[in-house]
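Notes for the one structure printed next.
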Amino acid sequence: MELQKPRGTRDFLPEEMNKRRYIENKLRGVAAHWGYGEIKTPTFEHIELFTLKSGEGILGEIYNFKDKGEREIALRPELTAPVVRMYVEELQRSPKPLKFFYFDNCFRYERPQKGRFREFFQFGVEIIGSSRPESDAEVIALAVEMLKSAGVRGDLHVGNLGIVRALINEIGSQHQSKIMRLVDKKDDKGLEEFLDTIHAPDDIKGKLFRLIGLHGENAIHEARELVGDIDAITQFKALLDLLDVYGLEYQVDFGIARGLDYYTGMVFEIYCEGLGAQNQVCGGGSYRLAALFGGEDTASTGYAIGFDRIMEICEVNPEPAKRMVVVSFEDTRKEAIVIAMKLREHIDTYLDVMGRKFKDQIAYANTIGASHVIIVGKNELDAGKLALKDMKTGDQELVSMEEVVARINK
RNA sequence: GCCUGGGUGGGGUAGCUGGUUAUCCUAUGGGACUGUGGAUCCUACGACUCGGGUUCGAAUCCCGACCCGGGCCCCA
């Protein structure tokens, strides 16, 4: 084997592509029904777009290169930044809210593992222009609905960064993102040590640990007692009420955090079994990125589904397509082409291109699982009909083209 | 970047305490069979991941690289 695909990339053969397209179309269908429009952004962007969003630290995980004009280019590692860039560049004056969905490949230079590749696919959604609980709730409900359409059921965790941030507000801002990262990692030990080294007040420390440990029905009320009757609590309560209206099952989880400042309020993640260490299939939240990219400050909410991960666990399988094979003889090959062309208006039709003998053509039809075979021979042509052979029963009869079409449509 | 297991024809395998022409199954092309499929037989095709080392001799032992799996780190 002289050549092989680069590490962490994959080839998709027809059988798998068929399944991937099927699931993709399910997700697309849901997004479209909810009123979202598909967008597409470039495969590569200026690298600043991503360092601006995520810091210089991501450089080690990005595929980047200098183009012939000496520009620093990066293959997109995610799609939120490009979408917001697109918004700032050409859509700031469009009527709000903007509702978009996308499905595309992304690239990250990482160690491949189960559910983790260097080229991977994300299906995502963004609402731009609303900071209200209604948009947060809609986005979460849409995520769950999409997963459901793909036959995937996961655990939904919902949190709010405004609440956590309010609690650690008194702590120097230079420490806050580090705290958020430790919270997100569920690294209680590391968190405690860090809080000690920066001499965080004991009552804040205690409250923080209580907050991120909250769960169950009363979590919101207990959170209110911890941080007071702040705006974030009101917003979060409104969101949870709406999630109830959508009929969603969820778990309040203040342990979901992001170490980046532009995540402001709602955050959510969906986890699934059966994926090993990469058990998160969907992550999202509300954020304010537009200003960072030079636009007016604008609220957005969105999420991305790890498409490869749901492919790994989804149970849904497409119906196998019906296939017809047109079988001919040495002296009827040309007629067979014409007949195949007509049949292709109605059904997936195969035609021999190997110059095979009659018998081998039928054997081939069998190996590809054709449901029917049309035999085009002198006898049939003379009678002005076609021989339709059912590959399951072996039955065969002389029928007209119209009858063949009628039966296919049944 | 770190730890760990693994790489033999397209797929699945035997060999792996060094020594024939690297085994078998399957898949694929052609044929036996010139208007009727799944069978059978014949035939063709096709592999030791790569590079070093040890040795008279390496698929086999050693080292490194590459790739795959699992975990860590990271997770925008």
Side-chain angles (χ1 to χ4, degrees), chain A residues 1-11 13 45 47 49-62 74 76-84 106-118 120 122 124 177 180-181 184-187 190 256-263 267 269 275-285 287 289 292 302-304 306 309 325 327-332 336 354-382 387-398:
Chain A
M1 191 69 63
E2 294 205 344
L3 288 179
Q4 50 187 198
K5 56 187 160 312
R7 179 169 212 198
T9 63
R10 292 158 293 164
D11 295 316
L13 302 181
E45 299 266 1
I47 200 164
L49 179 64
F50 303 110
T51 52
L52 218 47
K53 173 168 186 276
S54 311
E56 299 288 324
I58 58 153
L59 285 175
E61 289 156 39
I62 252 177
R76 58 181 171 218
E78 48 113 7
L79 282 154
T80 301
V83 171
V84 176
C106 299
F107 308 84
R108 295 185 191 178
Y109 193 88
E110 296 185 292
R111 174 80 162 77
Q113 287 177 36
K114 188 178 178 68
R116 176 179 283 188
F117 305 94
R118 289 186 172 183
F120 60 99
Q122 285 197 337
S177 35
M180 296 301 270
R181 269 197 298 272
D184 189 45
K185 280 166 79 170
K186 317 270 185 262
D187 182 3
I256 304 178
R258 304 279 137 94
L260 297 161
D261 291 339
Y262 52 81
Y263 282 102
V267 280
E269 294 179 348
L275 281 166
Q278 275 65 240
N279 64 341
Q280 188 184 327
V281 294
C282 177
Y287 58 90
L289 262 181
L292 197 56
Y303 64 81
R309 293 183 187 173
V325 176
V327 172
S328 62
F329 299 89
E330 201 56 52
D331 54 350
T332 58
M354 300 277 283
R356 279 191 173 124
K357 289 179 209 156
F358 177 78
K359 189 170 183 172
D360 291 331
Q361 292 180 46
I362 293 191
Y364 176 74
N366 186 54
T367 68
I368 66 166
S371 56
H372 292 82
V373 164
I374 294 284
I375 296 168
V376 180
K378 261 245 146 44
N379 301 346
E380 288 76 14
L381 290 174
D382 288 348
L388 177 67
K389 181 181 176 70
D390 185 320
M391 289 298 279
K392 278 212 180 67
T393 64
D395 297 340
Q396 183 175 323
E397 47 190 324
L398 263 189

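Below, chain A is the first sequence line, B the second, and so on; all start at residue 1.
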At 4.0 Å (heavy atoms only), tell me whether [X] reaches a base, stays on the sugar-phosphate, or touches nothing.
X	value
A:E269	nothing
A:K359	base
A:Q361	nothing
A:G377	base
A:G394	base
A:G8	sugar-phosphate

Nucleotide N/O to protein N/O under 3.5 Å, stretch nucleotides 41-46 of chain B:
none

Quick one: list whatever passes salt bridge (Lys or Arg N to Asp or Glu O under 4.0 Å) with A:R108, sequence neighbours left out. none
Just jot down the salt bridge (Lys or Arg N to Asp or Glu O under 4.0 Å) partners of A:R118, sequence neighbours excluded, or say none.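 Salt bridge (Lys or Arg N to Asp or Glu O under 4.0 Å) check on A:R118 returns nothing, list empty.
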Strictly by salt bridge (charged side-chain N to carboxylate O under 4.0 Å, His left out), give each pair with a member in residues 364-378 of chain A just once, sequence neighbours left out.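 Sorted pair list: A:D331-A:K378.
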Please list all pairs meeting salt bridge (charged side-chain N to carboxylate O under 4.0 Å, His left out) that have one or both residues in residues 355-377 of chain A, counting only residues at least two apart or in different chains.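 Qualifying pairs: none.
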A:E397: what forms a side-chain hydrogen bond (donor to acceptor under 3.5 Å, both in side chains) with it, not counting sequence neighbours?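 Only A:R407 meet the side-chain hydrogen bond (donor to acceptor under 3.5 Å, both in side chains) criterion with A:E397.
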Closer than 4.0 Å, any side-chain N/O of A:R356 to the OP1 or OP2 of B:G29? yes
State whether A:K357 places a side-chain N or O below 4.0 Å from either non-bridging phosphate oxygen (OP1 or OP2) of B:A32. yes
Could you check which of B:C3, B:G31, B:C74 has an atom nearest any side-chain atom of A:R111?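 Of all the options, the side chain of A:R111 is nearest to B:C3.
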Want to settle it: does A:Y109 or A:S54 sit nearer the 5' end of RNA chain B, counting the closest nucleotide to each?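 Whichever sits nearer the 5' end wins; that is A:Y109.
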